[in-house]
Structure formats: structure tokens, C-alpha cells
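So the structure is just underneath, and the comments pick up after that.
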Amino acid sequence: MVDISNIKNFTVIGAGLMGGYIAQLALLAGFEKVTINDIQIESIKKCVSRIVNGAYDEKEGLKAIESAGKLESGLTTDILLKRLKIEMDLAQAVKDADFVIEAVPEDLKLKQEIFKKLGNLAPPHAILASNSSTISITKIGKHSGRPEKVVGMHFFVPLLRNRLVEVIRGKYTSDEVMDTCVTIAEKFPCPYFKEKMYVARIEKESPGFIMNRILSVLSIYLSWLIEQALEKGITFEQLDAYVSIIGNEMGWIALLDYSGLDIIYDGLNYLHEALTPDIEASKFIVERVKSGNLGAKTGKGFLEWTNGKIPKTDKIKKTDLISIEQTGLISIEQLIDALMAIMLNEGCRLLEERVISGYRVFNKVMSAMKLPSAFKMAKRNYEKWIVLLEELAEKTGKNYLKPCKLMKSGEFFNMKN
Ligand code: NAD
């Protein structure tokens, strides 16, 4: 734990879905001034409304958090909103910032331009963080003039339900900046769960870091499966109900829509280049991005959304599950096996590459995301999963799904810490 009492002014660049969530958390964490900056006034207006009234559902908004008695004593929504400043001019937004976090679209060039400006405009002591989902922190900070102060701080949606924050070291990030960021992330409350955030300290960057790397590799198989299902006449809504049974409250397709299909598309394209060509945006995502149906933010993606809120179809219906099983496509047990096998394999790759020092970190990351960890089920299953991965690679034509050396050796069992 380091002393962060000198960090009073917190600035968020980009007032979209994530910028809004992060600004709200910063308010709840007690920073004296939280400034949001965006190039579009519409984005800022929507962002403030989401902070007050909730993004994913009403329970997430400051008003509901206050009504539920979860604000620190003496605080009210009005008091917190007085600490929230709106500033369209970047120079003004960062002139007295101690900590800046960027949450603009997932575009390396755009982020690099912003970090170059931040390097010139923010006070020399200010830490410059990025909420990028996938991109190298070292590359983002390349022209910042202060690479030792550039760091990744990656949050997840829906933010007030997930307890995970990844803090990522770029090649030049100093120890002091890493320690400060971890302490800041730990200060963020998790009001919805009444639990503390889990901060995954990632000492070596890798495309997609931990969680998005796992999700994007799962998407290799899920995209293939979705294509098969659609050919058999299954709807996106039915598929969503099917996948959400794995444990996440929001189904896979609702989560894509909610995150923003443009953001997903850009992230997958980055991983296609940086990790493996087997990761790619499915034609269903490409079609929607091209037609401007970006998900919750535009009202339509795979599903229909009203005011950015959870679609009615995002509920598990028994009849939906039965109808998928009846097509003979896949049973729930087979789906769980496939997803767990892929997850274990990618977890082993993270261990092989020393992105994580032990699978205990992986278990904690999954638990913070309310997902089961494949490592916990590996003893009884990993030999069967090795065979299954070979089959999945063959069926999908995606060699990246083949089991890696560490998984095949079983030596990962000795790599807990
Ligand atoms: P978004 O599309 O909801 O919002 C992006 C905002 O950035 C928009 O309001 C836009 O007007 C603004 N913007 C664009 N250029 C700008 C500039 N030059 N200066 C200031 N503002 C600018 O995107 P988002 O979903 O909030 O994602 C933002 C970042 O967070 C991306 O890097 C993304 O990968 C990452 N992220 C997203 C999610 C998710 O689920 N959406 C989760 C974790 C991390």
C-alpha cells in the first residue's frame, strides 16, 4: 500500500460507457474532483445521466446506491455531483490532474495522439492510464514523453457487478506508478456486491492482458458455434439464453451488444494482428458494425435494447435450451466442457509466457468475474480436454485451439503461485 492522499484530481478522457463507469467509481472512491472530457457534448450528457440513473440497470446509478444506503456516511448524490466537472477542452480538463485515465475508442493511433497531448498538457507528476481492452500499454504511451508514468488500468462491464480491475505494466512503467495504481484500484468500491475489488497486477503485458485474452480465444469457438446454430434456425436470443447458463448473469451475446460491437470489432482486429489470425470478428459482428447497429449504445445490435437497458430476452428460458438441444448441435455439458478446455489451454499459455506467475491469479480473476475457473476442474478433466481441443481445432479449422505444450505435459499443476 502506498500513500495516495496526494492524488486529489482525477480526469477521465472519453465519456462513453467506460468513461462514465470509471468517473462514477472515482466519485464513490472519494476523489476531490472528477473531471470528464469528451469531444461530443451528447456523450457527456448521456454519461452524466448514466452516472446518476444507472447504465445497465437503475441499481447501478448513484441515486439507487444512495437509496440503498450504500454511500459513505455524509455523502449524497448531490454532494458527489458537485465534485463532477465537465470540460470539453482537453488542456483545461488535465491542467491540474494528478491522475488521468483515457477511455476513448479502441484505436491505437487515436490513443497515441491523446497520450502525446497528455504528455504536454498534464502536470509532470500526473500518472497517465489507459483503459484499453487489448492494446499494448508500451505502444499507447510511446509518444507521451513520460513512458514511466504510463500504465494500464482495465475495468470490465457491467462495472458495478464485476470486481475485477487489471493493472498492467508497460515496458517502461515505474514500480512507483504500478504501486500507486494498484492502491487506487483497491480504493474503488464495489457497492453492488459489498465486496472489495480484486486487482490483478499484471507485470508483463500481453495482447488482451488476462481476461480479454481468454474471452477472445473463447470467441474463436463461440463464433463458429453461433454460425452452426443460425444455420439450424436457432435465434440469437435462444443462443444467448444458452450461453448465459455458464454462470454469467448477462449472456454472451447481450454482453457483446452491451460492450459495443464497434469496440469488440476493433479489439478483435487488434488481437488478430497481435495474438493469432484465428481470432477475428465474425461476419455477424462485421455486418452490424458496417450498418451502424453497434448494440446497446445505438438501440440495436444482435438484440433490441431500450435506453441502453437490459433486453427482455436476456433471461434463461427452459424452452429455449430444449430447442437447442433438440437440434443435436450441442448439449449444455458439451458446451461447458468445450469452454473450460479452451480456457485451461489459454491459461496454460499465459503461464508459459510468464504473463501470470501461477494459476492462483487466474482463479482469482475468474472468481472476480463470477466465472468458473478451468484450473479448478483440471484434475479430473484435463486429459479428456486435450483430446477435445484437438477435435475442436479439427472441426473449426482453427489451429490456435490445439492444446499447448504446458497443458499437454500436465506440469501446470505445479504452478500454483
Ligand atoms: P464508447 O464508444 O462508449 O465511448 C468512447 C467515447 O470516447 C465517446 O464518447 C467518444 O465521443 C469519445 N471520444 C472519441 N474521441 C475522443 C477524443 N479525441 N477525446 C475525448 N473523447 C473522445 O467506448 P467505451 O465502450 O467506453 O470504450 C472506451 C475504451 O474502454 C476502449 O479502449 C475500450 O476498449 C475500453 N473498454 C471497453 C469496455 C466495454 O465493454 N465497452 C470494457 C473495458 C474496456
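As the structure lists them, so they are numbered: ligands from 1, and atoms in each ligand from 1. Since the structure is predicted, the reported quantities are computational estimates derived from the model, not experimental observations.
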What side-chain donor-acceptor pairs closer than 3.5 Å can you find for residues 82-90, not counting sequence neighbours?
from : atom 1 : to  : atom 2 : distance (Å)
K85  : NZ     : K82 : O      : 2.8
E87  : OE2    : D89 : N      : 3.1
D89  : OD2    : Q92 : N      : 3.1

Show the short N or O contacts, below 3.5 Å, that ligand 1 makes with protein N or O atoms; if there are none, say 'none'.
from     : atom 1 : to   : atom 2 : distance (Å)
ligand 1 : 2 (O)  : K297 : NZ     : 2.8
ligand 1 : 3 (O)  : L17  : N      : 3.0
ligand 1 : 9 (O)  : D38  : OD2    : 2.7
ligand 1 : 9 (O)  : S43  : OG     : 2.9
ligand 1 : 11 (O) : D38  : OD1    : 2.7
ligand 1 : 11 (O) : D38  : OD2    : 3.4
ligand 1 : 11 (O) : Q40  : NE2    : 3.2
ligand 1 : 26 (O) : L17  : N      : 3.3
ligand 1 : 26 (O) : M18  : N      : 2.8
ligand 1 : 30 (O) : N131 : ND2    : 3.0
ligand 1 : 32 (O) : V104 : O      : 3.1
ligand 1 : 32 (O) : E106 : OE1    : 2.6
ligand 1 : 32 (O) : K111 : NZ     : 2.6
ligand 1 : 34 (O) : E106 : OE1    : 2.9
ligand 1 : 34 (O) : S133 : OG     : 2.6
ligand 1 : 36 (N) : S133 : OG     : 3.1
ligand 1 : 40 (O) : S259 : OG     : 3.2
ligand 1 : 41 (N) : S259 : O      : 2.7

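What you find for L350 and F209 is that their closest heavy atoms are CD2-O, 3.9 Å.
For the pair K187 and F31, the cation-pi test (distance below 6.0 Å, angle within 45°) is passed.
For the side chain to side chain contact (heavy atoms under 4.5 Å, CB included) test with L303, the passing option among T235, D257, L256 is D257; the others fail. With Q24 as the partner, the side chain to side chain contact (heavy atoms under 4.5 Å, CB included) test is satisfied by one option alone out of V12, I51, V52: I51.
Few gaps surround NZ on K33; more than 12 heavy atoms of other groups in view lie less than 6.0 Å from it.
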